[in-house]
Amino acid sequence: MSAAWWQWVASTDSLTARLVAAGGERSFRVRLLRQGVGLPQPHEAQALGMAARRYAWQREVALCVDEAPWVVARSVAPLETLRGQGLERLGERSLGSWLFRQPDLVRGPLYATRQAPEFTYPGDEDVTSQWGRRSVFQHGCKHGCKHGGLSLLVQEYFLSTMADDLALPSR
Ligand SMILES: C=C(O[C@@H]1C=C(C(=O)O)C=C[C@H]1O)C(=O)O
């Protein structure tokens with residue numbers, strides 16, 4: 001991975017905040033693509049340590065700068081860890097800005113991938129993913145997570161639009 005991409009892919013603070021900063025004067029917005037309850041992919045259930053065929057809350061968004069998707073993201077959380085968080089009412093507010101306000105937030109290791117997202121997004125015939133990454137966030141784990149606490153798998157894909165607009169190398 002080039003040093004320029006490493007700055008993005010290996011960052012552990014809020015990606016939303018980084019995109020807002022990188023966009024400068026340009027407008028930033030979260031575009032909600034899909035949100036609801038369903039069965040996670042097997043690799044997602046495994047990353048979350050969920051039993052097979054348990055339902056999860058799923059959310060797919062495009063993080064847009066001047067309306068162009070720069071990053072697309074899919075987040076998955078086991079339904080039983082969501083109680084009372086109100087995440088389903090986030091709408092087009094960034095999940096990241098909520099998440100990084102949680103005082104006891106723990107972020108698991110980041111895994112990078114060259115695989116493309118498995119979900120559709122606006123412009124996906126022309127716009128490709130340069131790098132993807134995933135990590136699991138946890139919060140509210142005061143008792144070693146035995147008594148609930150949120151687990152959230154966040155998968156983010158950095159698109160060629162972002163590479164073009166920021167003059168980043170292809171990989
Ligand atoms: C995890 C973050 O939140 C971002 C916002 C998301 C959303 O609103 O659904 C999803 C993934 C992230 O790209 C972040 O800002 O780092």
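One-based numbering, in listed order, for ligands and for the atoms of each.
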Q. What are the atoms of ligand 1, with element, lying closer than 4.0 Å to any heavy atom of Leu63?
A. 13 (O)

Q: Check each heavy atom of Leu15 against ligand 1 and say whether those closer than 4.0 Å belong to the side chain, the backbone, both or neither.
A: both

Q: Around atom 9 (O) of ligand 1, find the nearest protein heavy atom and jot down its residue, atom name and distance.
A: Arg59 NE, 2.7 Å

Q: Ignoring hydrogens and angles, state whether a donor on the side chain of Gln155 or Glu44 is under 3.5 Å from an acceptor on the partner side chain.
A: yes

Q.
Check this for me, if you would: do Arg74 and Glu118 make a salt bridge, where the nitrogen-to-carboxylate-oxygen distance has to be below 4.0 angstrom?
A. no

Q. Is Ala73 touching ligand 1 with its side chain, its backbone, both, or neither, if touching means heavy atoms under 4.0 Å apart?
A. side chain

Q.
Just to be sure I read this right, does ligand 1 sit under 4.0 Å from the backbone of Leu90, its side chain, both, or neither, counting only heavy atoms?
A. neither

Compile the donor-acceptor pairs under 3.5 Å between side chains in residues 28-37 and protein atoms, sequence neighbours left out, one pair per line.
from: Arg29; atom 1: NE; to: Glu67; atom 2: OE1; distance (Å): 3.3
from: Arg29; atom 1: NE; to: Glu67; atom 2: OE2; distance (Å): 3.3
from: Arg29; atom 1: NH1; to: Glu92; atom 2: OE1; distance (Å): 3.0
from: Arg29; atom 1: NH2; to: Glu67; atom 2: OE1; distance (Å): 3.3
from: Arg34; atom 1: NH1; to: Glu60; atom 2: OE1; distance (Å): 2.2
from: Arg34; atom 1: NH1; to: Thr120; atom 2: O; distance (Å): 3.3
from: Arg34; atom 1: NH2; to: Thr120; atom 2: O; distance (Å): 3.0
from: Arg34; atom 1: NH2; to: Thr120; atom 2: OG1; distance (Å): 2.7
from: Gln35; atom 1: OE1; to: Arg59; atom 2: NH1; distance (Å): 2.9
from: Gln35; atom 1: NE2; to: Glu88; atom 2: O; distance (Å): 3.1

(Q) Treating Thr161 as the side-chain partner and Pro69 as the backbone partner, does any N or O pair qualify as donor plus acceptor under 3.5 Å? (A) yes

**Q.** CD/Gln46: more than 12 non-hydrogen atoms of other groups inside 6.0 Å
**A.** no

(Q) Using the ring centroid of each side chain, check whether Trp70 and Phe158 are separated by less than 6.0 Å. (A) no

Q.
Can you report which non-hydrogen protein atom sits closest to atom 1 (C) of ligand 1, along with the distance?
A. Glu156 OE2, 3.8 Å

**Q.** atom 15 (O) of ligand 1 [closest protein heavy-atom partner, distance rounded to 0.1 Å]
**A.** Thr16 OG1, 2.6 Å

**Q.** Arg107 and Ser135 side chains, donor-acceptor separation under 3.5 Å
**A.** yes

Q) Where is the nearest protein heavy atom to atom 2 (C) of ligand 1: which residue, which atom, and how far? A) Gly96 CA, 3.3 Å

Q.
Could you check whether any heavy atom of Val71 sits closer than 4.0 Å to an atom of ligand 1, since that is the contact criterion I want to use?
A. no

Q | Contacting atoms of ligand 1, where contact means under 4.0 angstrom from a heavy atom of Ser94 | A | 5 (C), 8 (O)

Q: Might you work through the side-chain contact (heavy atoms from CB on, under 4.5 Å) test for Phe137 and Leu150, ending with a clear yes or no?
A: CA-CA 8 Å; Phe137 290 90; Leu150 175 71; over 6 Å; no

Q | Part of Val154 with heavy atoms under 4.0 Å of ligand 1, whether side chain, backbone, both or neither | A | side chain

Q: Note the single closest protein heavy atom to atom 6 (C) of ligand 1, along with its residue, its atom name and the distance in Å.
A: Leu95 CB, 3.6 Å

Q | side-chain contact (heavy atoms from CB on, under 4.5 Å) assessment of Leu39 paired with Arg53 | A | CA-CA 6 Å; Leu39 287 174; Arg53 306 200 64 77; 3.3 Å; yes

Q: Give the numbers and elements of all ligand 1 atoms closer than 4.0 Å to a heavy atom of Phe100.
A: 14 (C), 16 (O)

